[in-house]
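Notes follow once the structure below has been shown.
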Amino acid sequence: MTTAKDIMHTGAQWIPAHETLDRAAQMMREHNVGALPISANGEQDRMVGILTDRDIVVGCVAMGHDPSKVTAGELAQGTPRWIDANAEINEVLEEMQNHRIRRLPVVENKMLIGMISEADLAQHLSEDQIAGWAEKVYARS
């Protein structure tokens, strides 16, 4: 049985909701990632969203806003999605497909322990599993 913990990459980092987007971009560069879970007021046990590099570009820079003045929390939208570390791979795929998401935080005992991205799926799944996932996530609405 393959679990979320088996395929995730470790070292996922939180960004507090009050941090600015320029700091978020620096953290993404430092950790070589394209997304950071957003924590409520620095509490690392409550996720309020996920911030992606694309969010920073499209939701801030392209709108003419200054990333040093906009916070991660201001871009947090919707209900944050996550998966338990012991969830089986089919549950991971279902969560990502049903919500059409490309990155999924992995939680164990209410603590962030990793992240599953498209690259992680590509390394650990069969071609058929990847094709099925991509078809559902990238299908036109």
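All residue numbers in this chain count up from 1 along the given sequence. Below, all heavy atoms of this structure are taken into account, side chains as well, without hydrogens, waters or symmetry copies. Computed from a predicted model, the values in this text were never measured in an experiment.
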If you measure from [atom1] on [X] to [atom2] on [Y], what distance do you get to the nearest 0.5 Å?
X: I130; Y: E135; atom1: CD1; atom2: CD; result: 14.0 Å
X: I89; Y: L121; atom1: CD1; atom2: CG; result: 6.0 Å
X: W14; Y: I50; atom1: CH2; atom2: CD1; result: 9.0 Å
X: T20; Y: K69; atom1: OG1; atom2: NZ; result: 10.5 Å
X: L21; Y: I56; atom1: CG; atom2: CD1; result: 5.5 Å
X: E19; Y: S39; atom1: CD; atom2: OG; result: 9.5 Å

Heavy atoms only: give me the nearest [X]-[Y] pair and the separation to one decimal.
X: A76; Y: I38; value: CB-CD1, 3.9 Å
X: R102; Y: W133; value: CA-CZ2, 4.4 Å
X: H65; Y: V70; value: CB-CG2, 3.9 Å
X: M47; Y: P105; value: SD-CG, 3.8 Å
X: P37; Y: L112; value: CG-CD2, 3.8 Å
X: I15; Y: A72; value: CG2-CB, 4.2 Å

Heavy-atom side-chain contact between [X] and [Y] under 4.5 Å:
X: S117; Y: H9; answer: yes
X: M115; Y: L104; answer: no
X: I113; Y: V107; answer: no

Polar side chain donor-acceptor pair, D66 to S68, under 3.5 angstrom: yes
Shared hydrophobic cluster for [X] and [Y] (ILVMFWY, side-chain gaps under 4.5 Å):
X: I83; Y: V48; value: no
X: M27; Y: L51; value: yes
X: I7; Y: I101; value: yes
X: V106; Y: M96; value: yes

Sidechain-backbone polar pair: E91 side chain, E88 backbone, donor-acceptor under 3.5 Å: yes
H124 side chain vs D120 backbone, donor-acceptor pair below 3.5 Å: yes
Distance-only donor-acceptor hits, side chain of residues 28-36, under 3.5 Å, sequence neighbours excluded:
from: E30; atom 1: OE2; to: R23; atom 2: NH1; distance (Å): 3.2

Stepwise side-chain contact (heavy atoms from CB on, under 4.5 Å) test for D55 and T52: CA-CA 5 Å; D55 293 333; T52 67; 3.0 Å; yes
Evaluation steps, side chain to side chain donor-acceptor pair (under 3.5 Å), between S126 and D128: CA-CA 5 Å; S126 71; D128 288 340; 5.3 Å; no
